[in-house]
Amino acid sequence: MPWTWTYTMTSNATSDSAPPVSPSFPSQADAESWIGESWRELLDAGVDSVALLENERVVYTGMSLHPADPG
């Protein structure tokens with residue numbers, strides 16, 4: 001079963017900044033490892049938050065890529 005990330009873009013992102021869906025991964029651990037390595041590039045491309053899908057089933061959604069506010 002493939003695991004993928006879908007993206008929610010910021011309002012100032014261009015349509016070609018990032019693809020709407022990530023590459024496909026064979027496991028949840030692989031998908032989570034990839035997002036851990038790729039979040040900065042996605043944020044720079046205008047991705048605001050992500051959702052993890054297993055096939056069509058949403059595993060979790062609304063995960064912000066913005067660093068936590070220390071205040």
Let me see the working for Thr8 and Thr61 under side chain to side chain contact (heavy atoms under 4.5 Å, CB included), right down to the final yes or no.
-> CA-CA 10 Å; Thr8 301; Thr61 187; over 6 Å; no
[atom1]-[atom2] distance between [X] and [Y], expressed to the nearest 0.5 angstrom:
X	Y	atom1	atom2	answer
Trp39	His66	CH2	NE2	10.0 Å
Ser22	Trp3	OG	CH2	12.0 Å
Gln28	Ser33	CD	OG	12.0 Å
Leu53	Met1	CG	CE	13.5 Å
Thr4	Asn55	OG1	CG	8.0 Å
Met63	Asp48	CE	CG	11.5 Å

What are the two closest heavy atoms between Pro26 and Asp30, and how far apart are they?
->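 For Pro26 and Asp30, the tightest heavy-atom pair comes out as CG-OD2, 3.1 Å.
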Please report the closest heavy-atom contact between Pro2 and Ser24, naming both atoms and the distance.
->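 Answer, listing the atom of Pro2 first, then Ser24: CB-OG, 3.0 Å.
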Is there a path from Val59 to Val47 through hydrophobic residues (I, L, V, M, F, W, Y) whose side chains come within less than 4.5 Å of each other?
->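 Same cluster: Val59 reaches Val47 through Ile, Leu, Val, Met, Phe, Trp or Tyr contacts under 4.5 Å.
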According to the interplanar angle, ranging from 0 to 90°, do the rings of Tyr60 and Trp5 count as parallel (below 30°), tilted (30 to 60°) or perpendicular (above 60°)?
->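 If you compare the ring of Tyr60 with that of Trp5, the planes turn out perpendicular.
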